[in-house]
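Read the structure below first, then the notes.
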Amino acid sequence: MAEPSRRHLAPDLVTPRHEAITHSLFAGIPVFFDPRDLLQVRYELLRCHRVDGETVVRVCREFGVSRQTFYNLLEKFEAEGLPGLLPRRPGPKGPTKVTDEVIDLARHELSGQPNISGAALAARVRAELGLEVHKRTIERLLRDLRSKKNV
């Protein structure tokens, strides 16, 4: 019997170590239950525990994940639903020092001094808001504010 055709998965949605999954769902119906499908594996991991009542230790062993990973996924799922099971890049999700206050100050300064430099505005941010923001960050903000989309 030929192996069923595999659907294409984006590289970041392929289960690392999919060969470690031994749960019967993924052995019984390989056309539907694909151990390479990260989202499906994560969902079934949680479903087997919460709906089928399997122990955390057992599902972790059968799905090839640590208990810490299980509890992290459970927390994300409870907070965000299915999107919480998708992989995310670690680290900050955006600029942390470019707050609404910094943007408002930049807009105000631009209205009076259209050619203000990043260094000069960074100094104003430091003096007025007490924030240390690198001049390159301020230059990117100025570029965005000067672009046509913000005029």
Side-chain angles (χ1 to χ4, degrees), residues 5-23 25-26 32-52 54-151:
S5 64
R6 299 286 187 181
R7 58 185 190 254
H8 176 72
L9 297 169
D12 59 334
L13 293 178
V14 175
T15 308
R17 301 189 38 203
H18 56 272
E19 65 281 348
I21 298 172
T22 61
H23 193 278
L25 284 175
F26 293 91
F32 183 78
F33 291 103
D34 184 354
R36 297 175 319 119
D37 185 337
L38 182 65
L39 185 58
Q40 184 179 42
V41 168
R42 287 178 171 184
Y43 179 80
E44 291 300 330
L45 165 79
L46 298 177
R47 190 198 60 76
C48 285
H49 172 68
R50 294 181 84 193
V51 176
D52 296 346
E54 293 186 29
T55 66
V56 172
V57 171
R58 182 174 177 183
V59 295
C60 289
R61 183 180 62 245
E62 291 181 344
F63 283 83
V65 300
S66 69
R67 286 184 305 205
Q68 184 63 53
T69 297
F70 172 86
Y71 287 113
N72 288 343
L73 290 171
L74 181 60
E75 183 179 328
K76 288 179 185 177
F77 181 72
E78 288 174 345
E80 303 171 35
L82 280 177
L85 299 182
L86 291 169
R88 292 195 189 113
R89 290 175 39 191
K93 304 305 179 231
T96 57
K97 292 185 178 180
V98 181
T99 62
D100 290 339
E101 289 178 307
V102 173
I103 295 169
D104 291 342
L105 180 62
R107 283 191 177 125
H108 175 74
E109 291 298 317
L110 265 177
S111 67
Q113 303 174 56
N115 295 324
I116 190 169
S117 70
L121 185 53
R124 293 278 297 164
V125 168
R126 186 180 324 105
E128 297 222 358
L129 302 176
L131 287 173
E132 195 69 42
V133 182
H134 196 276
K135 74 175 187 168
R136 298 280 187 245
T137 302
I138 296 295
E139 288 169 358
R140 281 192 299 275
L141 173 61
L142 287 172
R143 184 191 65 230
D144 290 346
L145 291 175
R146 287 177 179 138
S147 72
K148 291 182 181 177
K149 67 181 178 181
N150 288 304
V151 173

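In this text, all values refer to a predicted model and were calculated from it rather than measured experimentally.
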Short N-O contact, Glu128 and Arg124, less than 4.0 angstrom: yes
Phe33 and His23 aromatic centres sub-6.0 Å: no
Point-to-point distance, once rounded to the nearest 0.5 Å, from CD1 of Ile116 to CD of Glu109: 5.0 Å
Non-hydrogen side-chain atoms of Arg146 and Leu110 separated by less than 4.5 Å: yes
Considering all heavy atoms, the nearest Glu80-Gly84 contact: OE1-CA, 3.5 Å
Heavy-atom side-chain contact between Leu25 and Arg47 under 4.5 Å: yes
Straight-line distance of Glu54 CD to Cys48 SG, nearest 0.5 Å: 4.5 Å
Side chain to side chain contact (heavy atoms under 4.5 Å, CB included) evaluation trace for Asp52 with Arg58: CA-CA 12 Å; Asp52 296 346; Arg58 182 174 177 183; over 6 Å; no
Between CZ on residue Arg36 and CD1 on residue Ile21, distance to nearest 0.5 Å: 11.0 Å
Side chain proximity check, Leu46 to Leu85, heavy atoms < 4.5 angstrom: yes
Heavy-atom closest pair, residues Cys60 and Ser66: SG-O, 3.7 Å
Point-to-point distance, once rounded to the nearest 0.5 Å, from CG of Leu121 to CD of Glu139: 10.0 Å
Leu38 side chain near Pro16 side chain, heavy-atom distance below 4.5 Å: yes
Residues, nucleotides or ligands: over 12 heavy atoms within 6.0 Å of Glu101 CD: no
Ring centre gap for Phe63 and Phe26 strictly below 6.0 Å: yes
Heavy-atom check, side chain of Thr15 versus side chain of Asp34, under 4.5 Å: no
Rounded distance (nearest 0.5 Å) linking atom CZ of Arg42 with atom CG of Leu39: 8.5 Å
Considering all heavy atoms, the nearest Pro83-Arg88 contact: O-NH2, 3.7 Å
Min side-chain heavy-atom separation His18-Val41 under 4.5 Å: no
Close side-chain approach of Leu74 and Arg50, heavy atoms under 4.5 Å: yes
Spacing of Arg143 atom CZ and Arg136 atom CZ [to the nearest 0.5 Å]: 11.5 Å
Distance-minimising heavy-atom pair for Ala106 and Leu145: CB-CD1, 3.6 Å
